[in-house]
Amino acid sequence: MLKHEDMVELYVQMVRVRKSDDVMCALHEEKRAHMFPSSRGAEAVGVGAVAFLRKNDYLSYQHRGLGLPYLLPKGVPLQRFFAEVLFKTTGTCQGLAYQHTAAPEVGILGYTSLLGAKPTISTGYGMAAKLRGHGQIALCAFGDGEACRGNTHEALNLSAVLKLPVVWVVDNNQMQWLTPTKDARATDDVADIATGHGIPAVVVDGLDVLAVHEAVQGAVDRARDGMGPSLIECKTYRIGPHDVGMKDLTHDQPRSLDEQEKWAKRDPIDTYREDLLDQGVLSQADVTRIDREVQSEVDDALAFADASPPQSRAILAERVYFNSEGTKRG
Amino acid sequence: MRTIYYAQAINEALTEEMARDETVLVLGQSVQSGMLPATKGLLKRFGPQRVVDTPLSEHAECGAGIGLAAAGFRPVVDLVEASMMLSCTDELFGVAPIWYHSHAVPLPLVFVGMMSQYNGHGPLHSRSTTAMALQSIGMKVVIPSNAYDAKGLFKTAIRDNNPVAVMFPGVCLGTQGDVPEEEYTIPFGVADVKRQGTDVTVVAIGAATNLALQAADQLQARISVEVVDPRTLEPLDIDTILASVRKTGRVVIVDVGARRCGVAAEIGMQIVENAFHSLAAPIRRADSLNYPIPALPDGEQYVLPSVESIITAIEEVAP
């Protein structure tokens, strides 16, 4: 059972994610940000999984919200996130990568949008953590789509045979771009692919931040104790199209709005807020204050990004090789 | 100076670098077995933490290499055959080369593989992946043609802070060469003129270098052939190549990769762009014909560059 302050922390982080996501949607509307897959409905997965990791634990994030549900609780400064999507020098990748975040100081060494490669890279983080032997772990989050990639299976198997300290978190939002996942995989649960590789797996309600946290924490403890990888599948539902502004189809037909509204009623932030109010963990005044404080943080972060200098193509030559003079040794 | 096999030279390079730097480790299929030249004897000396046998999972091997490198280790991923690079294109050609561009996080990462041409391994395993590697901006590409170069360049690759693909021609592994006992490395981007000549320049890569040297021997009474081995294709020492072309005015380029959009096409175009007015004859390529490389013995000999095809090309351009 979490302490009250930790329960509040989960709430604050989810509010930060939602408000930042709203800003991204607005930036897209204003044509200032390009492709944006909103994280609406996915907040509880990232926040529940990541909020209480250690700073030096490695993280490979899932791409909804360009990672916002994972990045913010891990400690990536929001102002640097916004600066990145606006191609500013102060961005997490100095404005060169848009949808990538690197923040080595909090265990995020990069990202790849070649889905399937990310889990294999995470096995390397797990190997590094194991070699150092300081109780570090690697958490890798991916979606139901990435679960269909062959290299994801290679990564799961390698993590199992080498007993790596890796926690696999799956955000199963039931859609793979324009194809429903029920038409893209033959079993209901992505968790099945873990058990097939000898990895213990559980399925939890991905809209319940406490359930996600509890399940992931168990897996993190196992990994730290040298007991190898686990997989947590979090069932969610994608609200809206794959990317903001894109047609929202299932195969060639419009997606059911009734079904989306039904799921939207179970909004992970709204339901959690109600629970915290019911339990007296938060008061209405707290809720109002948190809302105001987060809004102010988000506004300031965007202002910082706006005021930052744009990156220029003059940097390109420096960003092919690192320390190329190092190769002249000998 | 002593004479050792090429295979021993690459084994010494990896052994010495693992002894020198405890962040160097090697992973791949059956690297613990002692059956592969680069990793023979490593398990006994460095243990299973640093000599890691993997499942048959090239994607995971390369991905693990990326993760380890980003996290501060210096992994060497032994893909056994260079053609296996086709099995892990996402990580090897897609992700690793651009990691530093995107994130400013360096990847000190080496991929090694044996080039299996001239072994009758057929169209898949004999396929060259060199041009694909060169199209992957951010990756360095090294093909040593003799034991001395192999040891010095492999050590440099392991100390480099970027992804490097080191390809060892299989037919070279059993060749012998002079390799000093003392420590040395060879810098990237420095071509080696393997034979001096005045009439025709032959730019030859990897296994083709030794074929070109044989061709030069056979022609020496009539044609003075200069053989330039770039040794590293990225970075490419185009200056040494151009200097030779300006001297001879005639050039043949030899590589085991397919002709279409191949390495020879790239080097030839750079010569045209930079030394067009020095050329006294059209550039000739003696690379692999545009066929799948057949397993059929006389077919492989026909499709791949040979001493005969190199001689023919030299004679076509010679004064």
Legend entry - Pairwise distance CG(B:L68) to OH(A:Y125) - rounded to 0.5 angstrom: 10.0 Å
Legend entry - Contact origin within B:E234 toward chain A - heavy atom pairs under 4.5 Å: side chain
Inset, instruction - Drop me the distance from B:E91's CD to A:T120's OG1, to the nearest 0.5 angstrom. - result: 3.5 Å
Legend entry - Structural part of B:L25 lying under 4.5 Å from a heavy atom of chain A: side chain
Inset, instruction - Heavy-atom pairs under 4.5 Å with chain A are the metric here; pick the option from B:D53, B:I66, B:D90 that has the most. - result: B:D90
Legend entry - Option among A:H100, A:R319, A:Q94 that satisfies the side-chain hydrogen bond (donor to acceptor under 3.5 Å, both in side chains) test with B:H103: A:H100
Inset, instruction - Quick one: closest heavy-atom pair of B:N162 and A:F322, and the distance? - result: OD1-N, 2.7 Å
Inset, instruction - Select, from B:G94, B:S102, B:G65, the one with the greatest count of heavy-atom pairs under 4.5 Å involving chain A. - result: B:S102
Inset, instruction - Among A:T152, A:L158, A:T92, single out the residue with the greatest number of heavy-atom pairs under 4.5 Å to chain B. - result: A:L158
Legend entry - A:V320 portion near chain B, given a 4.5 angstrom heavy-atom threshold: both
Legend entry - Within 6.0 Å of CD in A:E105, more than 12 heavy atoms from elsewhere: yes
Legend entry - A:N157 versus chain B, the contacting section by heavy-atom distance below 4.5 Å: side chain
Legend entry - Between A:G116, A:P119, A:G110, the one whose heavy-atom pairs under 4.5 Å with chain B are most numerous: A:G110
Inset, instruction - First locate atom CG of B:N161, then atom OH of A:Y321, and finally report the distance between them rounded to the nearest 0.5 Å. - result: 13.0 Å
Inset, instruction - Begin with the C-alpha distance, continue with both residues' side-chain angles, and end with the deciding distance and a verdict on side-chain contact (heavy atoms from CB on, under 4.5 Å) for B:H101 and A:L96. - result: CA-CA 8 Å; B:H101 164 81; A:L96 276 167; 4.0 Å; yes
Inset, instruction - Heavy-atom distances under 4.5 Å only: say whether B:E58 touches chain A with side chain, backbone, both or neither. - result: backbone
Legend entry - Inter-residue atom distance A:L162.CG - B:Q49.CD, 0.5 Å rounding: 10.0 Å
Legend entry - Side chain, backbone, both or neither of A:Y98 within contact of chain B (heavy atoms, under 4.5 Å): neither
Legend entry - Rounded distance (nearest 0.5 Å) linking atom CD of A:E154 with atom OG1 of B:T54: 9.0 Å
Inset, instruction - Check whether B:F73 gets within reach of chain A through its side chain, its backbone, both or neither, counting any heavy atom under 4.5 Å. - result: side chain
Legend entry - A:N323 side chain near B:P106 side chain, heavy-atom distance below 4.5 Å: no
Inset, instruction - Examine whether an atom of B:V52 lies under 4.5 Å from a heavy atom of chain A, and if so say whether it belongs to the side chain, the backbone or both; otherwise answer neither. - result: side chain
Inset, instruction - Would you mind checking which part of A:L164 comes under 4.5 Å of any heavy atom in chain B, side chain (CB onward), backbone (N, CA, C, O), both or neither? - result: neither
Legend entry - Pairwise distance CD1(B:I137) to CG(A:L316) - rounded to 0.5 angstrom: 12.5 Å
Inset, instruction - Heavy-atom distances under 4.5 Å only: say whether A:I108 touches chain B with side chain, backbone, both or neither. - result: neither
Legend entry - Option in A:T123, A:I315, A:N151 with maximal non-hydrogen atom pairs under 4.5 Å from chain B: A:N151
